*Asks:* 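Let me give you the structure first, and then I'll get to my questions.
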Amino acid sequence: MQKLMSEYNFKEIEANWQKYWEENSTFQADENSGKQPYYVLDMFPYPSGAGLHVGHPLGYIASDVIARFHRHKGYEVLHPMGYDAFGLPAEQYAIETGNHPGSFTDQNIERYRKQLKMIGLSYDWSREVKTSDPQYYKWTQWIFNQLFDSWYDEKANVAKPIEILISEFHSTGNLNLQANTSYSESFTAIQWEEYDNNTQQKILMHYRLAYLGVSEVNWCEELGTVLANEEVKDGLSERGGYPVIKKEMTQWFLRILAYADRLLVDLNKIDWPEATKEMQRNWIGKSQGAELQFEVENHNQRIKVFTTRPDTIFGVTFMVLAPEHELVLSIVSDSQKESVIEYTQYARNRSQRDRMADVKNITGVFTGAYALHPYTSERLPIWISDYVLADYGTGAVMAVPAHDTRDYGFAKQFQLSITYVVDAGLPLDSCIDSKAGTLFNSDFLNGLQVADAVKVAINSIKEKNIGIGKVNYKLRDANFSRQRYWGEPFPIVYQNGVPTLVDTKYLPVSLPNVDSYLPSGTGESPLARAESWVNTPNGVRETDTMPGWAGSSWYFLRYMDPHNEEVFCSPEREAYWGNVDFYIGGSEHATVHLLFARFWQKFLFDRGFVTKDEPFQKLINQGMIQGRSSLAYRINKTNTFVSANLKDNYETTALHIDISMVDNDVLHLDSFRNWRKEYKDSEFILEGDKFICGYEVEKMSKRWYNVVTPDEVISKYGCDAFRLYEMFLGPIESSKPWETKGIDGVSRFLKKLWGLIYSTEGKLVLVDEPEKPEDQKILHKGIKKLTDDINRFSLNTCVSNYMILVNELTANSCHTKSIIEQLAILLSPFAPHVSEEIWKICGHTQGLSTIPYPVFNPDFLIESEIEYPVSVNGKTRFKIVVAADAGADAVKQMALQHIEMGKWLAGKEPKKIIVVTGRIVNVVV
RNA sequence: GCCCUGGUGGUGGAAUCGGUAGACACGCAGGACUUAAAAUCCUGUUGCCAUUGCGGCAGUGCGGGUUCAAGUCCCGCCCGGGGUACCA
């Protein structure tokens, strides 16, 4: 056996150890070990048909390093993997082929699992979850039930069971209530008792955290479905890039707005990248200001507006309503009616995309009506324009053209008057939106600074009873309905039109089989086709399904207790693991997934199901690894290709060619000729004797022939080399192109490492002898660096430091067993297979995955001499070598001698001598 | 536009608290071994000047500043990447 292993045979070593780990359940997490828990999580993948390319495992390897490191540090580590299995690609596949999306998904999962196992990741595979598994989505539905049966008490700032609300209604109505609700009317206990069941249910719906609401939604005709704001990019669907328009539909919503403030404030207590936090802050979009009312002249109506600048109230010169605003038709004058209606139609028919592409084109129409200024009673013309959004604030604004750029543009376009009220020291001939300045022209606000004026204005507004201080959010309640097949069915049955929960004990509500996966086109889900499923003795089932992010908003909790049939996660298990200590994934999930997961966690926390109110304590966003495509330049209208640096002499077209035919940008001509028929007789214009290809960095995709799979890299170099190289490439957070050629470096490193154990002749050179002090010094210098590197998550420098360590030990001809043993433990998080093998060669029969990590001992580093650089006038001139215990004065003396010899002093006294704790001497002459 | 990031050799990158800039690796050049190639090993590799010898000067996107000392801190710009967008 050992003779066979005398050569570094990674194929055998890696296969053996992967088998060993599997057979011994090495990485199964154990809640009863008595150790400190540590939870390391990857964002679970959506298993696409294309499988993994070399970019995907970057984060998985990094988290595996962290997981393995913590096992060595004595933690009980939970490191699971699973699949986000519901999703649009599988649905599209089902529509196109008629096959069930589930079996397609399972095939893909099979492939993913195989590829992941090849990388030697230390997952606890016994905890694998799949969101499309009925035993999993049973609990997704259960959480929906809890949301449906909860309301948000804003007084206590906590979600509570709906029964508490109902008993509140029975005792005092909604008069004393401070709840997050869309219900604006008040009722007493007596009135509540008098309402019939239907009415009561309708009112309750306005309080539930999962509620049915009518709303304008993003409707995508091509996909036949509604999309969340998060799924729309620039007016096009994120998937597919189809146009999206506004459409009114009854939909399920989650009342995430109730949590807006906590989601914002609690960002301060988690260790996330600043960029990600900032994205969430912007997404939540809190703004503080005031809501105030303007009377409409000759109408018994008031227009409510929201403003963040109540201080500029005396600068208001007109009003603008959104075209969809409810008052538009009731206040419009007869003469303006026609053009107003025309404009509303125009605004309605414009897709979001048109509207955005057209920001500079200012449009709007006068309604013929006037509002009255609450302080001066001045007449303010009321306009409508689509720059005012119906669903933000109140859908109406008080226009202050002097101090708001959009109002200014509008005023200029339609020649409305402009009144300046803030003096920021700038000429009064353009828009001044600075929030620093002194108020003038503003009655009781005159002379105040903006910040103070805001407060005084709000107080005055309150006193006059025309408004209140108010906070607004950009965040909207989350649309939770999709008209798709491949998602979680709602646990909802409509009894006489009243939505009712399917009792928890009847969950899961499983997906039925259907004859076609196509949406009906009228907005009804494909589930409506399963008539026998839809119609139950208790009523009619909801046919929408939940969105893709439902299952991924809580999967990290299921890993703690994945096989529990009684509860989504037992309280004991949850209490043990707490929340995720270390979470790694792509930044594309900064808003949708991470925000909704935080929301669900907080909700479950409020209701006492979990003990932490944030799901992910530390977050790292790994960068993307892009492809590096190769290009060949063909001279137009010929079959002749020209080498990259000569291409400017010709008119050429760049063609993507398969990167497997290119080595170091040099094209292998025969492979290219054999690649495709049409290139069989191609001619080449060479540079010297080579044909050089151009390149482009872009997404890895079959389309560009630039995909590199882990499979091919691992079979050629081994997975330890692959893992080391992925970590070596650069900081985890940054994106960079994949270049296979660089992997030779880590491959050589592993061979050198092997050379510490076996000579080139295959002889075991390990010796069991006392450690030499020089080797101890090298080792402990390494331990210090490596531990620091992992602790600050600088995995690329960590790999570099392994290389230095092994280089130094090799140069020192160190073959001491105890040193090599410690080296194996140090390396084990990065290159676990070869480390295990070395550990075994050192005579251990048990694996090393939980062997304590070596501890740095500074005693080994004491040096007898220290080299100091010495600067004169800030320039390093020379180095002096002194005894380690020489002291600062001796260093100074010696430095001065050298300076004298070098004539830098020229007989003068030095002006200043700086000795920094035995490090550097700088002498100013 | 606004917010967040980043800018260091031919390339990926290192420099952790303001203290020898370019660690480590790729690539390249030269050499050794070889009939030859591959593999391996050795040497050199920021630029310019000097290389018989020490070396010298410049240098971290640009322009200023603070400091004995700046890639790192401060002020003003330029450029790239990501997010967001009529949010009142």
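Every chain is numbered from 1 and lettered A, B, ... according to where its sequence line falls, protein lines coming before strand lines. Predicted, not measured: the structure shown is a model, and the values here were computed from it.
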*Asks:* When you look at NZ of K784(A), are more than 12 heavy atoms from neighbouring residues, nucleotides or ligands closer to it than 6.0 Å?
*Replies:* no

*Asks:* Round to a whole Å and report the spacing from CG of L786(A) to P of A23(B).
*Replies:* 19 Å

*Asks:* Ignoring hydrogens and geometry, is there a side-chain-to-backbone donor-acceptor pair from R792(A) to I790(A) under 3.5 Å?
*Replies:*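 Side chain of R792(A) to backbone of I790(A), a donor-acceptor pair under 3.5 Å: no, none is there.
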
*Asks:* Between A25(B) atom P and W738(A) atom CH2, what is the distance in whole Å?
*Replies:*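 In whole Å, A25(B) P lies 18 Å from W738(A) CH2.
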
*Asks:* I384(A) has an atom CD1; how far is it from atom C1' of C86(B), in whole Å?
*Replies:*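 For the pair I384(A) CD1 and C86(B) C1', the rounded distance is 16 Å.
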
*Asks:* Rounded to whole angstrom, note down the C1' distance from U40(B) over to U34(B).
*Replies:*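 That atom pair is separated by 12 Å.
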
*Asks:* Choosing from C24(B), C41(B), G13(B), which nucleotide comes nearest the side chain of M803(A)?
*Replies:*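 From the listed options, C24(B) comes nearest.
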
*Asks:* State yes or no: are the ring centers of Y343(A) and Y346(A) separated by less than 6.0 Å?
*Replies:*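 They qualify: ring centres under 6.0 Å apart.
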
*Asks:* For G9(B), does the O4'-C1'-N9-C4 or O4'-C1'-N1-C2 angle fall within 90° of 0, making it syn, or is it anti?
*Replies:*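 Syn.
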
*Asks:* With respect to the side chain of W283(A), which nucleotide from U84(B), A88(B), C4(B) is positioned closest?
*Replies:*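 Ranking U84(B), A88(B), C4(B) by closest atom to the W283(A) side chain puts U84(B) first.
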
*Asks:* Output the rounded distance in Å from CG (L805(A)) to C1' (A23(B)).
*Replies:*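 Whole-Å distance recorded here is 15 Å.
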
*Asks:* Would you kindly give the NZ-to-P distance between K736(A) and G81(B), to the nearest whole Å?
*Replies:*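 So the two atoms are 18 Å apart, to the nearest Å.
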
*Asks:* Whether the side chain of E698(A) engages the backbone of G627(A) through a donor-acceptor N/O pair (distance < 3.5 Å, no angle test) should be reported.
*Replies:*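 Not at all, since once roles are kept as given, no pair shorter than 3.5 Å links the two residues.
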
*Asks:* Taking atom OG1 of T740(A) and atom CG of D744(A), what is their separation to the nearest 0.5 Å?
*Replies:* 10.0 Å

*Asks:* G27(B) and G22(B): how far apart are their P atoms, nearest whole angstrom?
*Replies:* 22 Å

*Asks:* With rounding to the closest Å, how many angstrom separate the C1' atoms on A14(B) and U66(B)?
*Replies:* 27 Å

*Asks:* How close or far is atom C1' of G1(B) from atom CG of D404(A), stated in whole angstroms?
*Replies:*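 Atom CG in D404(A) sits about 13 Å away from atom C1' in G1(B).
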
*Asks:* For E274(A) and for S587(A), find the nucleotide of RNA chain B with the closest heavy atom, then tell me which residue's nucleotide is more 5'.
*Replies:*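 First, find each residue's nearest nucleotide; the 5'-ward one identifies E274(A).
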
*Asks:* Are F318(A) and F410(A) an aromatic pair by the rule of ring centers under 6.0 Å?
*Replies:* yes

*Asks:* Over how many whole Å does the gap from M727(A) atom CE to G12(B) atom C1' extend?
*Replies:* 14 Å

*Asks:* How close or far is atom P of G83(B) from atom CG of N282(A), stated in whole angstroms?
*Replies:* 13 Å

*Asks:* Quantified in whole Å, what is the C1' atom distance between nucleotide C2(B) and nucleotide G71(B)?
*Replies:* 29 Å

*Asks:* Side chain of E739(A) only, heavy atoms from C-beta on: which candidate in U11(B), C26(B), A88(B) is closest?
*Replies:*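 Among U11(B), C26(B), A88(B), the one nearest the side chain of E739(A) is U11(B).
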
*Asks:* Between OH of Y408(A) and CG of L416(A), what distance do you get to the nearest 0.5 Å?
*Replies:*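 Here the rounded value is 12.5 Å.
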
*Asks:* Quick one: which of C24(B), A88(B), C86(B) gets closest to the side chain of Y392(A)?
*Replies:* A88(B)

*Asks:* A88(B), OP1 or OP2 - any side-chain N/O from S287(A) closer than 4.0 Å?
*Replies:*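 Affirmative; the distance criterion is met.
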
*Asks:* Counting just side-chain N and O atoms, does R309(A) come under 4.0 Å of either OP1 or OP2 of A88(B)?
*Replies:* no

*Asks:* Given the C1' atoms of C26(B) and G81(B), what is the spacing between them in whole Å?
*Replies:* 24 Å

*Asks:* Can you tabulate the close N/O pairs, meaning under 3.5 Å, that link protein atoms to atoms of nucleotides 14-16 of chain B?
*Replies:*
residue : atom : partner : partner atom : Å
A14(B)  : OP1  : N796(A) : ND2          : 3.1
A15(B)  : OP1  : R792(A) : NH1          : 3.3
A15(B)  : OP1  : R792(A) : NH2          : 3.2

*Asks:* Say you pick atom P in G6(B) and the same atom in U51(B); how far apart are they, in whole Å?
*Replies:*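 Straight-line distance between the two P atoms is 45 Å.
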
*Asks:* With rounding to whole Å, what would you report as the distance between G47(B) and G65(B) at their P atoms?
*Replies:* 30 Å

*Asks:* Between A88(B) and Y387(A), is there an OP1 or OP2 to side-chain N/O distance shorter than 4.0 Å?
*Replies:* no

*Asks:* Given that T276(A) and T307(A) both sit by RNA chain B, which one's nearest nucleotide is further toward the 5' end?
*Replies:*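 Upstream on the strand: T276(A).
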
*Asks:* Aromatic rings Y802(A) and F830(A): how do their planes relate, parallel, tilted or perpendicular, breaks at 30° and 60°?
*Replies:* perpendicular

*Asks:* Can you confirm whether E733(A) is buried at CD, in the sense that more than 12 heavy atoms of other residues, nucleotides or ligands lie under 6.0 Å from that atom?
*Replies:*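 Yes.
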
*Asks:* Side chains of I418(A) and K412(A): does their closest heavy-atom pair fall under 4.5 Å?
*Replies:*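 Contact flag for I418(A)/K412(A) side chains = yes.
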
*Asks:* What contact category does N807(A) fall into here, base, sugar-phosphate, or nothing, at under 4.0 angstrom with non-hydrogen atoms?
*Replies:*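 The answer is sugar-phosphate, as N807(A) gets under 4.0 Å only of primed atoms, P, OP1 or OP2.
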
*Asks:* Would you call D404(A) and R309(A) a salt bridge, using N to O less than 4.0 angstrom?
*Replies:* no

*Asks:* Syn versus anti for C17(B), judged by chi lying within 90° of 0?
*Replies:* syn

*Asks:* What pair of heavy atoms forms the shortest contact from S385(A) to T363(A), and how long is it?
*Replies:* OG-O, 2.8 Å

*Asks:* For RNA chain B, what dot-bracket results from Watson-Crick or G-U pairs at under 3.5 Å, with [ ] for crossers and | for inter-strand partners?
*Replies:* (((((((..(((......[....)))((((((.......))))))((((.....))))..(((((..]....))))))))))))....

*Asks:* In whole Å, what separates the P atom of A70(B) from that of C57(B)?
*Replies:*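 Pairwise P distance, A70(B) against C57(B), rounds to 16 Å.
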
